[in-house]
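Working notes, beginning with the structure itself.
Side-chain atoms are counted along with the backbone in the values below, which use heavy atoms only and exclude waters and symmetry mates. Sequence positions, counted from 1, serve as the residue numbers for this chain.
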Amino acid sequence: NVQGSERFTIEKVRGHLAGNKTVLVNIHAIAKTLGRDVNHMLKYLLRELATHGKIVSERVILGTKVSANVINKKIKKYASEFVFCSECGKPDTKLTEEKSISYLKCLACGVKKPVKSL
């Protein structure tokens, strides 16, 4: 399963540490590339990283020190769960909700699969 072919690359997270917090400057751009709401992606990241955080204008501030490497791995995991089609591997999907169940619908091959809600 080649994740989304060569035409699709996920930008690496950029940011810096500020005291005991992590400031991420390009989460909005990554969410946009993935075609997902930044709040949805952030909710996932916060749960996966077991920390709190918030969006402050264009930045995301995490309540703890987290390495970029760890965050990038979590973003990849997010993309495999909520962006890439499990059948054809393409990123041409959208999240829909029916009767409080979230689905990942592939616009390329038409597959619709339930995904866990956040």
List the atom pairs, donor and acceptor, that lie under 3.5 Å between side-chain atoms in residues 14-29 and the rest of the protein, sequence neighbours left out.
{"from": "R14", "atom 1": "NH1", "to": "E11", "atom 2": "OE2", "distance (Å)": "2.8"}
{"from": "T22", "atom 1": "OG1", "to": "T64", "atom 2": "O", "distance (Å)": "2.6"}
{"from": "T22", "atom 1": "OG1", "to": "V66", "atom 2": "N", "distance (Å)": "2.9"}
{"from": "N26", "atom 1": "OD1", "to": "R14", "atom 2": "N", "distance (Å)": "2.6"}
{"from": "N26", "atom 1": "ND2", "to": "E11", "atom 2": "OE2", "distance (Å)": "2.9"}
{"from": "N26", "atom 1": "ND2", "to": "K12", "atom 2": "O", "distance (Å)": "2.8"}
{"from": "H28", "atom 1": "ND1", "to": "E58", "atom 2": "O", "distance (Å)": "3.2"}

Atom pair [atom1]/[atom2] of [X] and [Y] - distance to nearest 0.5 Å:
X    : Y   : atom1 : atom2 : value
I55  : N39 : CD1   : CG    : 4.0 Å
T93  : E87 : OG1   : CD    : 13.0 Å
T51  : I61 : OG1   : CD1   : 12.0 Å
S117 : H40 : OG    : NE2   : 8.0 Å
I30  : I75 : CD1   : CD1   : 4.0 Å

Handout entry: With sequence neighbours excluded, residues passing side chain to side chain donor-acceptor pair (under 3.5 Å) with K32
Key = none

Practice task
For E97, check side chain to side chain donor-acceptor pair (under 3.5 Å) against everything at least two apart and list the hits.
Solution key: none

Which pairs would a plain distance check flag for residues 102-111, meaning a side-chain donor or acceptor within less than 3.5 Å of a matching protein atom at least two apart in sequence or in another chain?
none

Practice task
Kindly indicate, with the supporting measurements, whether the criterion side-chain contact (heavy atoms from CB on, under 4.5 Å) is fulfilled by V83 and L95.
Solution key: CA-CA 8 Å; V83 180; L95 286 175; over 6 Å; no

Practice task
Any pair with a residue in residues 65-75 that passes salt bridge (charged side-chain N to carboxylate O under 4.0 Å, His left out), sequence neighbours left out, goes on the list, sorted by first then second residue, please.
Solution key: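 Matches after skipping sequence neighbours: E48-K74.
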
Practice task
Not counting sequence neighbours, list each pair that qualifies as a ring-ring contact (aromatic ring centres under 6.0 Å, His included) and has a residue in residues 41-63.
Solution key: Y44-Y78, Y44-F82

Exercise for the section: Would you indicate whether R47, at its atom CZ, is surrounded by more than 12 heavy atoms from other residues, nucleotides or ligands within a distance under 6.0 Å? Expected result: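 Counting neighbours around CZ of R47, more than 12 heavy atoms of other residues, nucleotides or ligands fall under 6.0 Å, so yes.
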
